[in-house]
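Below: the structure, in structure tokens.
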Amino acid sequence: MAIELHSFTVTLAVADRSGCASAAEHRARVWKAVSELSEAVRTAGMAKEARFRGQDRCGHVLFEATDTGAAFLRALPAIARVDTGRAAPH
């Protein structure tokens with residue numbers, strides 16, 4: 001039985017630049033949040049369900065994840081939004 005992975009774009013709660021004095025401070029907050037997110041996925045044993053694939057400097061992280069992995073990501077307080085990129089079923 002194959003596990004079906006989908007691409008998900010995760011927007012971190014720290015993507016909002018408010019409260020940052022500079023672009024460098026914002027990038028540091030994003031880097032720290034990505035590191036903490038990666039650790040949370042590993043610690044929860046979800047590494048097979050949600051695989052980190054990349055990030056930008058604005059607080060968006062690309063994951064390949066199962067539906068279970070995406071649900072796990074949605075439940076984390078550090079996540080503002082999870083976009084599936086898939087059309088909603090009709």
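Note that this is a predicted model, so its numbers are computed, not measured.
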Contact between [X] and [Y] at the side-chain level, heavy atoms closer than 4.5 Å - yes or no?
X     : Y     : answer
Phe8  : Arg74 : yes
Asp83 : Arg81 : yes
Thr66 : Lys48 : no
Arg17 : Cys58 : yes
Met46 : Thr68 : yes

Closest non-hydrogen atom pair between Ala65 and Ala70, with its separation: CB-N, 3.9 Å
Minimal non-hydrogen separation, Val14 against Ala33, with atom names: CG2-CB, 3.6 Å
Trace of the side chain to side chain donor-acceptor pair (under 3.5 Å) decision for Ser7 with Glu64: CA-CA 4 Å; Ser7 291; Glu64 284 183 344; 4.7 Å; no
Glu25/Arg29 salt bridge by N-O under 4.0 Å criterion: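 Here Arg29 does not pair with Glu25 in a salt bridge, since their nearest N and O are not under 4.0 Å apart.
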With His60 via side chain to side chain donor-acceptor pair (under 3.5 Å) - residues at least two apart: Asp56
I need the [X] [atom1] to [Y] [atom2] distance, nearest 0.5 Å.
X     : Y     : atom1 : atom2 : value
Ser22 : Arg27 : OG    : CZ    : 7.5 Å
Ser38 : Arg51 : OG    : CZ    : 13.5 Å
Ile79 : Leu12 : CD1   : CG    : 5.0 Å

Common cluster, Leu76/Phe63, ILVMFWY with side-chain heavy-atom separation under 4.5 Å: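 Looking at the clustering, Phe63 is in the same group as Leu76.
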Transitive ILVMFWY side-chain link Phe52 to Leu62, under 4.5 Å: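 As far as the 4.5 Å side-chain criterion goes, Leu62 and Phe52 are not connected within one cluster.
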Full working for side chain to side chain contact (heavy atoms under 4.5 Å, CB included) between Arg57 and Val30: CA-CA 7 Å; Arg57 290 189 261 173; Val30 168; over 6 Å; no
Pair Leu73-Leu37, side chain to side chain contact (heavy atoms under 4.5 Å, CB included): steps then yes or no: CA-CA 9 Å; Leu73 293 170; Leu37 175 58; 4.0 Å; yes
